[in-house]
Number of protein chains: 4
Amino acid sequence: MGRMGKNHLELLEEYSNFANVKAVCDLSFDNKTEDLLKKYKVKDKYFDYKDLLADALIDVVYVCTDIDSLCEISMNAIKANKHTFCESNLSKSPKDIKKLMEVLKTKNLIFHVGLNKRFDNNFRSVKDVLVSGKIGEAHIIKITSRDPDLPSLDYLKKSGGLFFDMSVDDFDMIRYLSSFEVEEVYARGGVLIDEMVKEYDDIDTAVLSLKLSNGTLCLIDNSRRATYGYDQRVEIHGSLGMVTTSNELQSKAKIYTTYGVIAEKPKYLIIQRYKQAYIIQNEYFFTSILNNKVSLSSCNDSLQALYIALAAKKSFEQNRSVKISEVKHN
Amino acid sequence: MGRMGKNHLELLEEYSNFANVKAVCDLSFDNKTEDLLKKYKVKDKYFDYKDLLADALIDVVYVCTDIDSLCEISMNAIKANKHTFCESNLSKSPKDIKKLMEVLKTKNLIFHVGLNKRFDNNFRSVKDVLVSGKIGEAHIIKITSRDPDLPSLDYLKKSGGLFFDMSVDDFDMIRYLSSFEVEEVYARGGVLIDEMVKEYDDIDTAVLSLKLSNGTLCLIDNSRRATYGYDQRVEIHGSLGMVTTSNELQSKAKIYTTYGVIAEKPKYLIIQRYKQAYIIQNEYFFTSILNNKVSLSSCNDSLQALYIALAAKKSFEQNRSVKISEVKHN
Amino acid sequence: MGRMGKNHLELLEEYSNFANVKAVCDLSFDNKTEDLLKKYKVKDKYFDYKDLLADALIDVVYVCTDIDSLCEISMNAIKANKHTFCESNLSKSPKDIKKLMEVLKTKNLIFHVGLNKRFDNNFRSVKDVLVSGKIGEAHIIKITSRDPDLPSLDYLKKSGGLFFDMSVDDFDMIRYLSSFEVEEVYARGGVLIDEMVKEYDDIDTAVLSLKLSNGTLCLIDNSRRATYGYDQRVEIHGSLGMVTTSNELQSKAKIYTTYGVIAEKPKYLIIQRYKQAYIIQNEYFFTSILNNKVSLSSCNDSLQALYIALAAKKSFEQNRSVKISEVKHN
Amino acid sequence: MGRMGKNHLELLEEYSNFANVKAVCDLSFDNKTEDLLKKYKVKDKYFDYKDLLADALIDVVYVCTDIDSLCEISMNAIKANKHTFCESNLSKSPKDIKKLMEVLKTKNLIFHVGLNKRFDNNFRSVKDVLVSGKIGEAHIIKITSRDPDLPSLDYLKKSGGLFFDMSVDDFDMIRYLSSFEVEEVYARGGVLIDEMVKEYDDIDTAVLSLKLSNGTLCLIDNSRRATYGYDQRVEIHGSLGMVTTSNELQSKAKIYTTYGVIAEKPKYLIIQRYKQAYIIQNEYFFTSILNNKVSLSSCNDSLQALYIALAAKKSFEQNRSVKISEVKHN
């Protein structure tokens, strides 16, 4: 019942005619959470997730924990025969993901990894344009992905590091947009925002250069702090033209004064920015369950993005371009 | 259960923890509507609205009919002690609205007129900027309000005419944004889109020049057909600067090719464009009921907008500027 | 050698291979002007314009005075057989313009009225789009035309009033864009910026509603003060779509901070904003002389715009819509 | 008298009160060039540039040849005591530039390298914002620089290759904007547009990752073909915010139809896009001569950019990040 757990509880209200949240699980519940549970009429509270998984009336589980426990809990959810929505990338260990994929093969369950940006209207439109052929073959793909601010120390400690926590979603976006695999990555990074992140052996700013299997060249830039809001942009330059997408602003109001022309800032919080994407993702997840269809963002997507993150880390540590094949033995 | 009835049924799903739709009423129900009722688990169907009003378990009623019946049904809803949400302006007769206001005084009920644009994030931001003083006093207010396409003949027949069906919302927007009353209006119009509208003694295009009680000058332009989508813009030019708002596009994707730079069109349907406004409006309505507060868009707002529409019609018919005071005897 | 005289002196430097400024005339010359004359190597200074007109080596004359003397000087320039460029609208008296047109008929001279906006790249593009048929027939034409600030008292006194000094260019723009004549105008105005303008029996803010001979409806809004710069926009809504043009900003730099997204202001001065238009206009003027072609902005254009201004003034004074035919006897 | 020679001839017309073009030099002159010389009243034609340099009446020389001869001709111009404007980067050999710098030390002459983008209003505004401190310290600098189309085979052969002909200007831009030196570069590239460029051992698409001496991370993407026009954008993400600049469009007209919202393309030709920059650059060059000031874009700027290009080439060939210090021995 952290930020994402609460987010999903609220979003599921939209589908109350289809599904109701019967139970939630956390180590403890503060007053604010209790109020939410009342508001959304959630019946049961659990302190051990295994008790929740034992509830036979529950068909679907959302796992919204840290990267350290996501994979294990997800594994147990599958074993308990629950359709599972795993919020964000599963693990830093390819082996663990592969194990989960093995078990999954034996079950007739929908397992969805919450790569929510895949369900964003703007990114979907960009992909649609590429697929339509309007801009020809992709030559250069550029992603700008910057958080509005450094997360808490607490979060940072458990995040897995910038490449695994932040860039990893951009790696997935490149795979999603291009429909090609990444072959090689070169990563530069630095601690430019706050010396504190050095304590966790992490960086707060990075730029990455990637090459896809078809020769497309890609650039990503990541920062933990964009004072002006959550900066999420994509650009594809192709043989026949270019397609871009820009940020969603907090409103379309523009003020013209002697100081200049002032527009509103981009939306700030991930939940605010990607609200529609979360709703569409839920709809997709439920439809997959009802129609027994394969999920659009699968364990394999998570695994491939993880390989790129592992290569990026190695590249940064050794200051050289690293082929993805170098880390596939993991 | 027309377009707006269905719209409200879907939107109310968002508040399922607070309120459930128990019953709907229409003269007949087609299969599509039946499916919706099943989806949203609506228990009761009525063919006579008075039967619905007689249901003691119902606390709140949404009236979503034509301008010819809105006021009468609303009156009966009030008499039946229901909190009432009246979708769009009440009537073409000031007397009928005044009668309703008289009855309302004797009741402790929330009566809300669905002036949904008042709850739109963009227009609210524009008003906030004016109120903040950032652009000083309003000198010129401009509203562009154009439908994506001519409505059906059937709709047109019952619409009450362009000034009462379309411009009336812009009149309300001017009152809402400026916090001043309109004193005088000059209306020009024509049949430029389709000769057919002449059959209903209507026009399809209009431009209006208004003067407010504080001297602010206003311009409105209306068209029944903007092929590129639902065009809804506002601009206030003040003593210290200007504030504008532009249309919401279908996505932020932009394509650059040899043909030019192609952005997506503005959102097309009113329900699509104002979805967030409808949701916020519902929240506001429910909060008013819970806290017994006065509604932000009241019968009086509807009455004042109606006076301006009556003056606009007179102005158009007589080709002269008409003072609102000339039609207040109605 | 006021602002516009100096402007033209500088712009003519661009055509030094074609034409040289031999002489200028003014009632007196300050140091700054003397410096300019030195810089641009102007040989002769005159204090009486008739002396300048008597110089047989001069082929072309630019008349850049107030509206009170423009027509008379222009008349004498024609009589002296000079090709003449008259900066801005000729007169407030239709009779005087007609007299000038009579004399002009007897001469084989190019007479150009400096309706410089006709030569602006943006407005030309808008007209091109309309002519191309891409947006179908024009239904609504809207012009926003606001000066960055109130002119000096001195200027205001000689300006002829808002309708003759400012709106008149927008009347011409409507004729230029639409290729139709204005049939009727309704003008509202007020003193909203500075009470001082009342001393000159003038207004500082106006909105106008016009009707063209083909039924197109037009709106113009004028203000003497747009703190954010020179605001010059045009919009045509047609049967198949819309075309707009927006302001030229001082640079394309945009700053994103916690305060919002800040773009630069529109260009401030008329000379800055329309520099390219002035250059293109000169080129057009010279080409007309060389090829003995009719000017693209003629005395008749000036006369027609004047009629609309006279009707606008009458409309404002009598608070009624005035047909252009009512003032054609002048 | 190639494209750039002609460009400068035309631009110098703007300064005819200050300087006149007395002579030009080329191996031959076609009719079109002869016409230009007549139009701009150029007296002398030379076929050997040394004859031109021998003309004692000539004070200033513009060198507009290929990268193979620029440095030698410039050297001889200096030796002939001419103020020299060298159009584009001097050479592919650091030694040659250093020799020229040695000779220059012994002369009291202005030597200007035509890094014209430094004089562009938009890029200057971006730099001004960074210098102002509004966005804090630079963390990430991004440059998009794409030509509208592949140059002719003939041009390509003499261009020196993508890194020396195209990226080199972006390297200079990074130095100009940041006021820091580049320490390290990683370059990826490919032949994605036309196999033909392989014949010249060249590439047509590249992405580069750079690190500055202060830790700032930079990304550049280059393409020889952007079908939609000359794409020239810059973005700086800093500790307190971001500044960006976008392309200049051919006009501000926007068309809204059922096909979408269509804006004009960016300006296409370098001369069209950077016309104002060339004019300002000339003004700056002349002012430097008159006031005996150091040039804003010097031989050293050209030398430093060359080092980065040499490192980029090495990086691309060896697929590793290359420190600039590795190529400084050249």
Side-chain angles (χ1 to χ4, degrees), chain B residues 135-144 146 184-194 203-212 214-229 231 233 235 237-244 246-247 265-266 315 318-323, chain C residues 135-144 146 184-194 203-212 214-229 231 233 235 237-244 246-247 265-266 315 318-323:
Chain B
I135 62 158
E137 305 284 316
H139 288 180
I140 301 171
I141 298 178
K142 286 164 67 182
I143 295 181
T144 295
R146 302 173 191 152
E184 197 175 330
V185 60
Y186 176 73
R188 261 189 227 286
V191 176
L192 301 176
I193 300 167
D194 196 327
I203 52 177
D204 53 30
T205 308
V207 296
L208 300 110
S209 158
L210 304 93
K211 193 175 178 178
L212 306 190
N214 66 335
T216 304
L217 307 177
C218 308
L219 294 176
I220 296 172
D221 69 279
N222 291 132
S223 168
R224 286 284 196 190
R225 178 181 289 156
T227 59
Y228 51 89
D231 194 348
R233 286 172 286 155
E235 174 179 324
H237 177 63
S239 52
L240 299 178
M242 171 172 71
V243 60
T244 65
S246 51
N247 287 309
K265 287 182 287 185
S315 166
Q318 304 183 358
N319 191 21
R320 65 176 183 90
S321 191
V322 172
K323 288 196 171 13
Chain C
I135 61 159
E137 305 284 316
H139 287 180
I140 300 171
I141 298 178
K142 285 165 67 181
I143 295 182
T144 295
R146 302 173 191 151
E184 197 175 330
V185 59
Y186 175 74
R188 261 188 226 287
V191 176
L192 300 177
I193 299 168
D194 196 325
I203 53 175
D204 54 31
T205 308
V207 296
L208 300 110
S209 159
L210 304 93
K211 192 175 178 177
L212 305 189
N214 66 334
T216 304
L217 306 177
C218 308
L219 293 176
I220 296 172
D221 69 278
N222 290 132
S223 168
R224 286 283 196 190
R225 179 181 289 156
T227 59
Y228 51 88
D231 194 349
R233 286 172 285 155
E235 174 179 323
H237 178 62
S239 53
L240 299 178
M242 171 171 71
V243 60
T244 66
S246 52
N247 287 308
K265 287 182 287 185
S315 166
Q318 304 183 358
N319 191 20
R320 65 176 184 88
S321 191
V322 172
K323 288 196 171 13

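Bear in mind the structure is a predicted one, so any value in this text is a computation, not a measurement. Per chain, numbering begins at 1; letters A, B, ... match sequence-line order.
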Out of H139(B), H237(B), R225(B), which one racks up the most heavy-atom pairs below 4.5 Å with chain C? H237(B)

Answer key: most heavy-atom pairs under 4.5 Å with chain B among R320(C), R146(C), E137(C) is R146(C)

Between N319(C) and S321(B), which heavy-atom pair has the shortest distance, and what is it? OD1-CB, 3.8 Å

Side chain, backbone, both or neither: which part of D194(B) has a non-hydrogen atom closer than 4.5 Å to chain C? neither

Can you give me the closest heavy-atom contact between Y186(B) and S209(C), atom names plus distance? CE2-OG, 3.8 Å

Nearest 0.5 angstrom please: T227(B) OG1 to I135(C) CD1, how far? 9.0 Å

Scanning both residues in full, the closest heavy-atom pair of L219(C) with D221(B) reads CD1-CB, 4.0 Å

Test: R233(C) and E235(B) ion pair at under 4.0 Å: yes

Neighbour count above 12 (heavy atom, 6.0 Å) for K211(B) NZ: no

When the 4.5 angstrom heavy-atom criterion is applied to R188(C) and chain B, the contacting part is both

Side chain, backbone, both or neither: which part of I140(C) has a non-hydrogen atom closer than 4.5 Å to chain B? side chain

Which bit of D204(C) comes within less than 4.5 Å of chain B, counting heavy atoms only: side chain, backbone, both or neither? neither

What's the shortest heavy-atom distance between L217(B) and G190(C), and which atoms? CD1-N, 4.4 Å

Cut-off 4.5 Å, heavy atoms of chain C, and the answer for S239(B) is backbone

